[in-house]
There are 2 protein chains.
Amino acid sequence: MRETVTAKDVAKLAGVSQSSVSRVYFEGASVSEKTKKRVLEAAEELGYRPNVYARSLITNQSNIIGLVMKGVQNPFYAQVLKRFSSIFKQHGYSILFVYTNNDEIQKEDVETLLNYNVAGVVVTDATMSFSVGEEFKKNHIPLVFFNRKLGTGEFHSVCCNNLSASRSIAQYLLSKGASELVLITGNEHTSTSMEREKGFCEVLDQQKIAYRKYNSDYTYEGGHQTAMTVLEGKRLPSAFFVANDIMALGVIDALRKNDIRIPQDTKVVGFDNIDMASWPAYELTTWEQPIEEMIEETVNYLLAEITSYTGLAQIIEVDGKFVERKTT
Amino acid sequence: MRETVTAKDVAKLAGVSQSSVSRVYFEGASVSEKTKKRVLEAAEELGYRPNVYARSLITNQSNIIGLVMKGVQNPFYAQVLKRFSSIFKQHGYSILFVYTNNDEIQKEDVETLLNYNVAGVVVTDATMSFSVGEEFKKNHIPLVFFNRKLGTGEFHSVCCNNLSASRSIAQYLLSKGASELVLITGNEHTSTSMEREKGFCEVLDQQKIAYRKYNSDYTYEGGHQTAMTVLEGKRLPSAFFVANDIMALGVIDALRKNDIRIPQDTKVVGFDNIDMASWPAYELTTWEQPIEEMIEETVNYLLAEITSYTGLAQIIEVDGKFVERKTT
DNA sequence: CTCACACTTGCATACGTATGCAAGAAACTC
DNA sequence: GAGTTTCTTGCATACGTATGCAAGTGTGAG
């Protein structure tokens, strides 16, 4: 039923050995131009494609990048997915997409990645235990935490400089005369949430400005719900700092539902600068994460580690920039 | 560096043959409970995981589903991605995510899918040439067009009943007293766009209602831009039918920018019922595509075809339902 | 022409698993 | 207990490729 064309078939047609066929398709092997040409012609005629499984079996390598993601529905990560897929394809890698329901990456997911002997792994918004990270290290599989950190430098990580960003945001809000603030964080176990909280609160504490903190979950619904809860309290805060944009949109809609005018009655600042933040319906002031730069850093590191594994980890923080719009 | 534990190692420790180990991990092979237990214990102790590449090499099968997608940034497809990943994982399949930049799926992408000998393929919003579809058929790889059609029944397809849906929408708008309409389509080469146009226009033609048609691209920016173009004309249409929600949001924002009140001055109807359609900022009237049902149909077909390939194709159309909100 | 060297090629084998076959063990029938 | 059937197991081999090794080819220097 399925006529598999093997290197042997091509060899026969081209009048060479199977080894030579193999060498034609193997980067860096030594073949003469003449046989290369003959092999390629024969391959073309037969419709030969090297069998990735046989190849991976023997080389113990693959051209697959594992991409672990949870919040696909957050436009920020949708864009991240798109860019990673696009760039890795250019470099000849395919994407094994691993969706994690739970916050923490499951053992099952890790096994999948190990089973396919992925060339590298990008973990985006899923959290991961230390031991799982070690598992990859043990297998010499390069790993990057994208927009997350784990531990204290044991693993490679590419992030926005959340600390300085959230400090800037706090200072900006204070300069606008905000007096009583509300902070809405994302999943409290994530480094991004903790850092954005830390930088923000540091400044406020220092200036002895009162603030309330609410914990949410990085989703629109979460932001919306949390804002509703905030509004149950008597006092309307003078500004909201929301740990990501999609939650911020939920907050804005909740405020509007309560006929609270933005930015007159209160202000809202998000984080990410997703496309929607610039939509006329929201015009959200936010902090732009430099996605392209972050992705480039991630890809470069992974490709380098794939070529020659060192296991050296570094925490790379890129700045991004403040984007002022109409919610402040 | 990488200590690979093989079935042979497990066999030695368990005091059985490699074949027996293999049989323990192979669905449906005959092994006694006793040896099964011993093998599993030995495997546990050594940390054995069957090598997928060796397995695929010999069985000529894989546990990979290829998912081809373009508009990841459209929340509709983000949700589709999430659901497919989740469900296929439950059935023991991994997802090879293939992002296509171009409208049409590239030869390169097809080769990737064939190289990995995917168990099945789901093509969502990418268009595909007939010959490419035949390629999969030739290799007995089940293929589903999700929310798209190709040809006239040669390939399996799961769609919303676009024709009847868009007819209903037209009738609804007429019942609301709309007199001069605007239709904004998506990518004009896609079956969804053509069908939604056809159903809509059929009704209008029949009733001799005037309408203008504009071609756009299924994105927010496209919808926004197209609406701006529409508004350059002198007459404001009494209603817009926009071929998907994300474009419709762009249309709404464009209308608002021009101080046009919805639904008083004009009305807007979308298609998909993405989460954002229900957000207070938009409250978009739309047609709900029954994602869960469509996904279930797709998965069932694929799983059945994977178990036993027939190559029989069917066009499955599910109804969905009208969701009336505040833009009409 | 000889020798040394670089380059190219084929042979044989290995990667880790699945599976047909035959033999052995076990269970069951009469 | 003998005969029959079912279940279980090990042996050997195959899947399609990469690669060490040795042999072959060609090139250039002297």
Side-chain angles (χ1 to χ4, degrees), chain A residues 1-40 42-43 46-64 92 111 114-117 119 139-140, chain B residues 1-40 42-43 46-64 92 111 114-117 119 139-140:
Chain A
M1 55 170 228
R2 165 173 290 161
E3 83 309 355
T4 31
V5 174
T6 74
K8 206 180 286 180
D9 302 328
V10 176
K12 190 181 291 176
L13 181 58
V16 298
S17 72
Q18 179 266 320
S19 317
S20 291
V21 176
S22 171
R23 289 190 177 101
V24 169
Y25 287 89
F26 190 77
E27 197 82 16
S30 104
V31 216
S32 69
E33 280 305 316
K34 198 174 61 184
T35 64
K36 185 170 185 176
K37 182 158 170 280
R38 283 205 299 195
V39 166
L40 288 179
L46 298 177
Y48 169 71
R49 279 175 297 106
N51 183 312
V52 278
Y53 294 111
R55 174 173 286 184
S56 284
L57 174 58
I58 194 166
T59 61
N60 216 5
Q61 295 180 346
S62 77
N63 286 310
I64 303 180
E111 297 229 323
L114 293 175
N115 280 343
Y116 284 101
N117 203 358
N139 287 288
H140 286 203
Chain B
M1 57 171 227
R2 165 172 292 160
E3 81 309 353
T4 31
V5 173
T6 75
K8 205 181 288 179
D9 302 329
V10 176
K12 190 182 291 177
L13 180 60
V16 299
S17 73
Q18 178 265 320
S19 317
S20 292
V21 176
S22 171
R23 290 191 177 100
V24 169
Y25 287 89
F26 190 78
E27 196 82 14
S30 101
V31 216
S32 69
E33 280 305 317
K34 198 174 61 182
T35 64
K36 184 169 185 176
K37 182 157 170 283
R38 283 203 301 192
V39 165
L40 288 178
L46 297 178
Y48 170 72
R49 279 175 296 109
N51 183 313
V52 275
Y53 294 111
R55 174 173 288 183
S56 284
L57 173 58
I58 194 164
T59 60
N60 215 5
Q61 295 180 346
S62 77
N63 287 310
I64 304 180
E111 297 230 322
L114 293 175
N115 280 342
Y116 284 102
N117 203 357
N139 287 288
H140 286 203

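In what follows, chains carry the letters A, B, and so on, assigned in the order in which the sequence lines appear, proteins first and then strands, with residues in each chain numbered from 1.
Counting only heavy atoms from C-beta on, A:Thr6 has its side chain closest to D:dG16 among D:dT19, D:dG16, C:dT17. Of the listed nucleotides (D:dT17, D:dT19, D:dT9), D:dT17 has the atom at the smallest distance from the side chain of A:Ile58. Nearest nucleotide to the side chain of A:Asn51, out of D:dT17, D:dT8, D:dC11: D:dT17. Checking D:dT8, D:dG16, C:dG10 against every side-chain atom of B:Leu57, the shortest atom distance belongs to D:dG16.
Counting atom types as modelled, B:Ser19 pairs a side-chain N or O with a base atom of D:dC11 as donor and acceptor under 3.5 Å. No donor-acceptor contact under 3.5 Å links the side chain of B:Gln61 to the base of C:dA18. Judged by distance alone with a 3.5 Å cut-off, no donor-acceptor contact links the side chain of B:Arg49 to the base of C:dG16. Looking at B:Arg55, its side chain has no donor and acceptor atom pair within 3.5 Å of the base of D:dG16.
Taking the six-membered ring where the residue is Trp, A:Tyr53 and B:Tyr53 present tilted rings, their angle falling between 30° and 60°.
In terms of phosphate contacts, B:Ser32 brings a side-chain nitrogen or oxygen within less than 4.0 Å of OP1 or OP2 of D:dT9. Residue A:Ser22 places at least one side-chain N or O closer than 4.0 Å to OP1 or OP2 of D:dA18. Dashed line: the shortest gap from a side-chain N or O of B:Tyr25 to OP1 or OP2 of C:dT19 is not under 4.0 Å.
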Below 3.5 Å between N/O atoms, which protein atoms pair up with nucleotides 22-24 of chain C? Just atom names and distances, please.
none

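Sequence order on DNA chain C of the closest nucleotides to B:Lys34 and B:Thr59 puts B:Thr59 first from the 5' end.
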Quick one: do A:Tyr25 and A:Leu40 satisfy side chain to side chain contact (heavy atoms under 4.5 Å, CB included)? Show the steps, please.
CA-CA 9 Å; A:Tyr25 287 89; A:Leu40 288 179; 3.8 Å; yes

Side chain to side chain contact (heavy atoms under 4.5 Å, CB included) between B:Asp9 and B:Thr6, intermediate numbers included
CA-CA 5 Å; B:Asp9 302 329; B:Thr6 75; 3.6 Å; yes

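Between A:Phe26 atom CZ and D:dT19 atom P there is a gap of 4 Å when expressed in whole angstrom units.
Between the side chain of A:Asn63 and the main chain of A:Ala119, no donor-acceptor pair closer than 3.5 Å is present.
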